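Heads up, the thing below is written out as structure tokens.
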Amino acid sequence: MIRIEGLRFRYGEGDFQLRIPELLVEPGTTTAFIGPSGSGKTTLLNLIAGIIRPETGRVETRNVEVSALSDPERRRFRVTTVGLVFQEFELLEYLSVLDNILLPYRIHAALQLDATVRDRARALAERVGISDKLDRPPRRLSQGERQRVAVCRAVLTDPPLLLTDEPTGNLDPVNRERVLDILFDYVRESGTTLVSVTHDHEILARFGRVVDFRDFHSVGEAGVS
Amino acid sequence: MRGTLYLAWRYLAFHRVKTAILVGAITLIVFLPVGLRVIVDQSSRQLTARAEATPLVIGAKGSPTELTLNTLYFSSDVPARTTYAAASEVADTDLAQAIPMYVRFRVRDQPIVGTTLEYFGFRALKLAEGRQMAVLGEAVLGSRAAEQLGVGPGDHVVSSPESVFDIAGVYPLRMPVVGVLEFTDSADDDAVFVDVKTAWVIEGLGHGHQDLSQPEAAAGVLRREGNVVVGNASVMQFNEITPDNIDSFHFHGDLSDFPLTAVVVVPPDQRSSALLQGRYQTAELSQVVSPSEVMDELLGTILTVEKFVIAGAVTVGLATLATAFLVFALSLRLRRRERETLFKIGGSRAAVATVMTSEIVAVLAVGVLLALLLTFLTQRYGDVIIRALIR
């Protein structure tokens with residue numbers, strides 16, 4: 001599903017440098033990236049999603065060399081293939097819950113919004129327990145509800161790859177478990193590949209594989225797989 | 001595209017107060033100089049056209065502008081009075097036609113224009129309904145005056161007191177409306193035309209009352225001195241001129257001393273015009289003015305003022321525009337995370353740009369459209385505004 005070879009990335013002239021000789025993530029698996037802040041976990045997520053491009057090396061997802069795609073191609077790739085969930089939810093304040101869920105279908109011509117999509121959005125909302133709040137703006141939702149909306153938005157396109165960046169970082173324990181249940185139930189049922197960045201070691205048991213970026217750095221050029 | 005436009009619409013609707021303020025600012029920035037230009041152009045055209053159609057005006061010494069505006073537009077600022085003798089003098093020269101004008105009183109907001117039938121011929125005013133005024137006390141109305149007062153032939157209009165405290169002054173006169181003029185899109189449309197003698201009756205210079213020589217009026221006789229009968233305060237004065245009482249109406253004093261606000265002078269040629277103007281150049285109590293010259297002077301002043309006003313409006317506009325763009329810039333900065341989210345999720349470059357710039361484009365577009373609408377309305381109804389301002 002995800003194959004990284006000889007990847008090297010730097011932000012401008014700073015000291016930060018990410019080097020990944022090799023990394024392989026099998027389809028349908030759940031993987032957690034852990035490690036200290038600044039170790040490059042989120043950067044790797046962005047590289048996998050095609051949000052940024054490596055200086056050298058290959059990033060391949062579902063047999064597509066994302067790092068070789070042009071900007072428009074990578075945008076199309078993301079909106080059709082990748083579901084993204086962020087720690088800060090990143091919902092648009094001026095849209096209702098339903099419109100936030102439907103957002104991917106309104107920002108790229110590759111996705112066509114129709115009645116089936118709307119029905120699917122409502123069904124997802126029903127499933128995560130926010131179907132009675134579809135007309136509300138995000139500011140009138142609890143933190144847990146907002147993240148559930150963000151999860152619905154990420155999975156609406158039925159993406160084969162779900163990338164989550166500390167999805168439970170802003171949630172209390174009850175909401176954390178609920179959001180994780182939703183994510184893992186969805187991944188299990190759909191066969192989606194899940195890659196998640198987290199600092200929360202209590203949730204690592206849920207993942208099939210954990211990649212510790214400290215180990216990764218100690219391994220150095222030998223790579224991680 | 002529909003999706004991004006929907007997002008843009010939702011953003012504007014969510015921030016409707018901010019959007020409305022920005023739209024209002026842009027509208028004013030565009031409209032103020034343009035609208036002012038339209039108003040000035042229209043007023044120039046109107047003032048010039050009517051002034052050029054009025055060769056000369058004679059009045060008492062005083063403000064030529066006040067004299068011209070009152071004579072041409074029946075403005076409420078009444079100039080110093082001249083006398084009927086001024087009209088007679090002009091007529092006696094055989095150099096021009098002299099049309100007396102007495103524009104002092106009002107029927108509510110409509111000016112009462114005391115003149116003669118010659119005025120209707122001079123202005124080429126035609127009757128839309130009814131007939132011309134024939135006897136003392138009758139009124140012919142301009143089309144807008146008839147509409148404003150809600151009257152037509154067969155109805156009556158009543159002159160308004162000049163002041164509610166003027167108890168001993170002008171009494172209201174009830175006048176039958178005998179005709180309504182065709183619409184001319186000029187100040188004549190707003191006027192209530194009466195014979196100049198009727199205007200003098202309104203002023204109290206002429207009146208009608210019981211015939212004190214009759215036995216039934218004995219109670220009203222204060223004393224008799226030969227053929228002269230002096231009435232007391234109980235003598236009933238008529239406040240309406242009817243066929244039954246019209247014979248009792250009479251004027252006290254010499255008609256040539258009776259007041260006029262102006263005499264419109266219509267010489268047949270340039271020579272007559274020059275001769276007349278020459279005669280009045282040394283007159284102590286009277287002046288002759290050429291309305292087109294007065295209006296040119298007035299327009300010169302207006303154009304100078306307009307330049308300052310437009311310069312001020314443009315300066316304020318630029319400052320407002322700079323503020324508006326500062327708001328846009330701050331707004332774009334505040335929306336940086338939103339922009340990043342749309343980019344990360346996979347929004348196309350065009351979609352992200354559309355959502356982000358929608359505020360600026362919509363505010364500018366709606367602001368300019370509203371300004372154009374206001375400009376159109378100013379063009380359409382500007383003449384009404386100008387006439388209201390002159391009045």
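The structure presented is a predicted model; accordingly, all values stated were derived computationally and were not measured. The chains referred to below are lettered A, B, ... by the order of the sequence lines, with proteins before strands, and numbering in each begins at 1.
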Inset, instruction - Would you kindly check if the NZ (Lys) or CZ (Arg) of A:R106 is within the cone defined by 45 degrees around the ring axis of B:Y6 and under 6.0 Å from the six-membered ring centre? - result: yes
Legend entry - Ring-face cation contact, A:Y105 with A:R118, 6.0 Å cut, 45° max: no
Which atoms of [X] approach chain B - backbone, side chain, both or neither, heavy atom under 4.5 Å:
X: A:L91; result: neither
X: A:R153; result: side chain
X: A:F86; result: side chain
X: A:I51; result: both

Inset, instruction - Could you tell me whether B:R50 and B:D188 make a salt bridge, using a distance below 4.0 angstrom between a side-chain N and a carboxylate O? - result: yes
Legend entry - Electrostatic pair A:R178-A:D181, nearest N-O below 4.0 angstrom: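 So A:R178 does not pair with A:D181 through a salt bridge.
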Legend entry - Region of B:R2 that comes under 4.5 Å of a non-hydrogen atom in chain A: neither
Inset, instruction - Verify whether the ring centers belonging to B:F325 and B:F328 lie closer than 6.0 Å. - result: yes
